[in-house]
Amino acid sequence: EDWWATIYAAHFLIEAQKAGFDVDKGLISTMLGYINNRLKNRETITYYYNRDQNKKIVPKEVVYGLYVLALAGQPNVSVMNYYKANPALLALDCKYLLSATYAMAGDRKSFREFLPSQFAGEESIPQTGGSFYSDIRDEALALNMLIDADPGNPQIPVMATHVKDKLKHRYWWSTQELSFSFLALGKLARQAAGSTALAEVRVDGRTVGAMDGGGNPLSLSTKELRGNASNASATAPRVEITTKGSGRLYYFWQAEGISASGAYKEEDNFLKIRKHFFDRYGRPLTGNTFKQNDLIIVQLTLDKSFNTDVKNIVITDMLPAGFEIENPRTKELPGMDWIKGESSPTALDVRDDRINLFVNSTSSHQTYYYAVRAVSPGIYHMGPVSADAMYNGEYHSYNGAGTIKVVQ
């Protein structure tokens, strides 16, 4: 017997039955009985994710089995409620499956309450046995369930983009990855096949772009969407999207930068960047007060939660106005023998208000240094240090903003 394969086969047969195919109902009944019987155990497995992390979770077969039972009209509510009350036992994709299971069972309230806000922060390591999980399979399976449970959910286009991009950038896939990806993306394609939807975007009553129905996405810049708001103090523009025809259209707004208030979200997502200050002799500097003309050595440390490389990362350190970059290469300064194990960036970009280091994260811990001079007395805002993977924005870290004081 194979636990996952049995659920997988039962799922296929139930989908085939719903599609109008003649299926042996006795076989399905036997499979559902087996699935229910396996749910009596309260076992756990070691789950491997984010390259070098692991935790104990309930086997993924449990939640997949619960979903298939609900799909067949035989939900096991007591077991569903047990795992709803113990979310720490569930992997990210299983949380999606359990929420969709409640939807299939007619409990929309539990579906909405338990559904995660986004499929991010947890990426499983592909397995060759057991439940055959992988990052693509997990998100495709979760996407497939979400399409059935809530076809208009705003997470769907984002998750579909994830799955599509991962399929495009790899050259080998497992049967599980292909089957659930094609199942989910096929459902989306079927929804869009008869679409006649068109859209027009207006800013302050002026048309700035339109979707012509040719299947190409419409992309608008900040300048086009600004309208009459030529500066930050102007009234925010009124953006309207008017549609006609039938079918679904998806839109998203993406913005980046430093907020005018200085507020930002401090978070580590697969990467961890930190900033520390030292004097020229290697002694740590605490507090936020510096003397004018002091030489300060800035240490930037980068950690990752992957054993494999994360390439093309840009580290950006925003300087307070009271600092000036003295030397981006501390090895050229005398008396810096205390610096050990310094990593070398692949490229540097030094500006008046920041330094950009372009690096590849090839080890779990990397350290970079550069020197600044405290030049102008006063109190200044200090932006965060950030680390972003340039070709996958989900890999990022932002930390360490605040204020500094330079005294005479």
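The closest side-chain donor-acceptor pair between Y368 and S344, if any, does not fall under 3.5 angstrom. Side chain to side chain, K311 and S361 fail the donor-acceptor criterion of an N or O pair below 3.5 Å.
Of the candidates Q127, K55, E122, Q53, E122 is the only one forming a side chain to side chain donor-acceptor pair (under 3.5 Å) with Y47. A side chain to side chain contact (heavy atoms under 4.5 Å, CB included) with I315 is found for exactly one of D388, L271, V385, namely V385.
Residues that satisfy the side chain to side chain contact (heavy atoms under 4.5 Å, CB included) test with L348, not counting sequence neighbours, are P328, R329, P345, I355, L357. Partners of Y133 under the side chain to side chain donor-acceptor pair (under 3.5 Å) rule, at least two apart in sequence or in another chain, do not exist in this structure. Under the side chain to side chain contact (heavy atoms under 4.5 Å, CB included) criterion, K25 pairs with Q17, not counting sequence neighbours.
Aromatic ring pairs are classed by plane angle as parallel below 30°, tilted from 30° to 60° and perpendicular above 60°; the pair W4 and Y64 is tilted. Using the six-membered ring where Trp is involved, H11 and Y67 have ring planes that are perpendicular, over 60° apart on the 30 and 60° scheme.
Comment: R170 does not engage D165 in a salt bridge, judged by the lack of any side-chain N to carboxylate O separation of less than 4.0 angstrom.
Enclosure of atom CZ in F358 by more than 12 non-hydrogen atoms of other residues, nucleotides or ligands within 6.0 angstrom is indicated.
Remark: aromatic rings of Y395 and F270 are close, center separation under 6.0 Å.
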Practice prompt. Could you go through the ring pair (Phe, Tyr, Trp, His ring centres under 6.0 Å) check for Y380 and F323 one step at a time?
Written response: CA-CA 9 Å; Y380 306 98; F323 284 178; 8.2 Å; no
